[in-house]
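Per chain, numbering begins at 1; letters A, B, ... match sequence-line order. Scope of the values below: all heavy atoms of this structure, side chains included, with no hydrogens, waters or symmetry mates.
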Amino acid sequence: MNIVNFKPNKDNLKSTLPIGIFLISIGLIDIILNSLLNFNLTSFLPEKISFIAPLIFGAIGLYLIRIEFSGNKLLDKINKNFNSSSFNAILTLLVIFALIKYVPPLLNWFIFDADFIGNKKEDCTSGGACWVFVKVWFNRFVYGMYPDAEQWRINSAFIMLFLLVGASFFVPSKYKKYLLIFLVFVYPIIGLKLISGGDFGLKYVETGAWGGLSLTFIVSAFALILCFPIGMLLALGRRSNLPAIRYSSIGFIELWRGVPLITVLFMSAVMFPMFLPDGTYVDKLIRVLIAITLFEAAYMAEVIRGGLQALPKGQYEAAKSLGMGYWRMHFLIVLPQALKLVIPGIANTFLALVKDTPLIFVVGLLELAGMVNLAKTNPKWLGMAMEGYVFAGLVFWVICYAMSRYSQNLERKLSTERQ
Amino acid sequence: MTKIIELKNVNKWFDKFQALKDVSLEVNQQEKIVICGPSGSGKSTLIRCINRLEEHQDGQIIVDGNEISENTKDIEKIRAEVGMVFQQFNLFPHLSILDNCTLAPIWVKKMPKKQAEEIAMQNLERVQIADQAKKFPGQLSGGQQQRSAIARALCMEPKIMLFDEPTSALDPEMIKEVLDSMVDLAKGGMTMIVVTHEMGFAKEVADNMIFMDEGKIVEKAKTKEFFDNPKSDRTKLFLSQIL
């Protein structure tokens, strides 16, 4: 047998396949023993060769089982997806090795070695993550400095929101628009009044005490709802035929896009009050909300403009030829199509907005990440930064992933193309 | 016969290029006019000026007694009376065929939804696609889309219909179904101005033929005379090439 021209194929499958699988298994066993039990199977080899031994065994093994049209469905599938060439085979091995080496320690830290029971730092003894920290501070992470006795107000505001949104899926379409109007124009006032209090026998809670995840939601929700229509008008304005409207839209968009959000927030906190007449006072949170809204509206405007530009001219002409004026043409024909086109871009902007909310710490408002920051500097809980940030990261990820899924869902639902 | 469209010495420029040169034209009620000519001769520009999808810079265009000018309210009123069918159909892809047809009557003419739907179904019946009413434009063939577009224009109950090369973007076997709908419309007494290269259709339907070249109306004649005995050499050359 000519060893140079030897190639695994269907005829020698009976011998190459077992040898290949054997070699791959040796490689895997070696790496498992090495990383989990600290035992080096190939210690008899020189150190450098011993280090890459699993890779060599694995690569030779994968070469031996790379048989085209072997007739075995599983083998064909593996070859097609993980083992189509020597380069891909090595990539596959490296990924598997990395998973074996790094996933178990991570899981240990997260779950198996982690502490869940107790209520102070000293209860964390096992060396893994100290979730006691998150447990003890959970209330603060969600409600900030909001007084414990009044937290039912935040809860009921959010429950009301969920009920309203849930109801909008079930009510007949005739009443849907009233519900929507209520949700956008009336509910925010009720919700804010409920949380801030001051009337109707509710104790006044100043916005400085708001915080945590609930503040993340409040800021995000307001900015999301408000930046959308403003962005839409700016996008239309930038394409307007009237120079005054066009240039002021361009100016506004370029001004806000050109400034970092953190600067905008500083300005809203420090500079803005200077322009107000003495004695007038605009709440810190409201200033921040306006700043974020206008900032994101500028981005939203450009996203929507992208959709407007993608629409064929024929759509405008058809709408005009039916006697529609500017507003009817845009609200009935142009915007529904343009917005559908840019759902991914809109989702992008919304996600960025949610993740920008932690920046409001610069004006002293502490949402989720801000509260974590505060908690980790508490003398009783020093050294808990990792747990806190992992927790905050996970929460943000869940929120953003849910939004992303929703946007994909919406795209599918609105698609009228031939499937 | 009463005049419904009147063009007096209309001139139009795209930057330096003059697309229409001193075009004058009168169209009577129920008259069918077919405009032909080589590409770039200003045929489309001419009919697009009639509902001001293009602005003319000089001359007068009077539609149903209203002069077309800067005033947008008047233009919207005129556009509601003048139906237009485009080469590329330009149906609204986010709406079903029925909604395509009812949208403008409901929002522009303030018609109750029920009545708008009745009219829409009548017109879809007329172009023989009533069974497709619930589908979206993307699910129909080119010929069906163009017939839907005709129905959509008819739902505004226009006094005049403009056709801008309605069959140029269609596969050959679909041209006939669209032309059949247009012939049917013509027999119903609609005032029509049609830009097309379909000379068979022109012979069957048109009262008058117009031949345009380089932004000018070269020849306007009764249909029979236009084909049997064209006066200008340019027209003869054109006809010899396309017939």
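No more than 12 heavy atoms of other residues, nucleotides or ligands lie within 6.0 Å of CG in Asn241(A), so this atom counts as exposed by the packing criterion. Within a 6.0 Å sphere centred on CD of Gln87(B), other residues, nucleotides and ligands contribute more than 12 heavy atoms. Counting non-hydrogen atoms of neighbouring residues, nucleotides and ligands closer than 6.0 angstrom, the OH atom of Tyr178(A) reaches no more than 12 such neighbours. Surrounding CZ of Phe182(A) are more than 12 heavy atoms belonging to other residues, nucleotides or ligands, all under 6.0 Å away.
A distance-only check finds a donor-acceptor pair linking the side chain of His94(B) to the backbone of Leu332(A) [under 3.5 Å].
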Pair up each side-chain donor or acceptor in residues 341-360 of chain A with any protein partner under 3.5 Å, not counting sequence neighbours, and list the distances.
| residue | atom | partner | partner atom | Å |
| --- | --- | --- | --- | --- |
| Thr349(A) | OG1 | Gly345(A) | O | 2.9 |
| Thr357(A) | OG1 | Val354(A) | O | 2.6 |

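Within the 4.5 Å cutoff, the side chain of Leu322(A) has no heavy atoms near those of the Leu103(B) side chain.
Contacts from residues 307-321 of chain A to chain B, taken as heavy-atom pairs separated by less than 4.5 Å, involve Lys313(A), Gly314(A), Gln315(A), Glu317(A), Ala318(A), Ala319(A), Lys320(A), Ser321(A) in sequence order. Listed by sequence position, the residues of residues 218-226 of chain A in contact with chain B number zero, using a 4.5 angstrom heavy-atom cutoff. The interface of residues 108-120 of chain B with chain A, defined by heavy-atom distances below 4.5 Å, comprises Val108(B), Lys110(B).
Phe86(B) touches chain A through its side chain: at least one heavy atom from C-beta onward sits under 4.5 Å away, while N, CA, C and O do not. Contacts of Ile78(B) with chain A are absent, with no heavy-atom separation under 4.5 Å from either backbone or side chain. At a 4.5 Å heavy-atom cutoff, the contact between Arg152(B) and chain A is made by backbone and side-chain atoms alike.
When each of Asn51(B), Leu53(B), Val85(B) is scored by its heavy-atom pairs under 4.5 Å with chain A, the top score falls to Leu53(B). For the options Pro105(B), Cys155(B), Gly83(B), Ala104(B), heavy-atom pairs under 4.5 Å to chain A are most numerous at Ala104(B).
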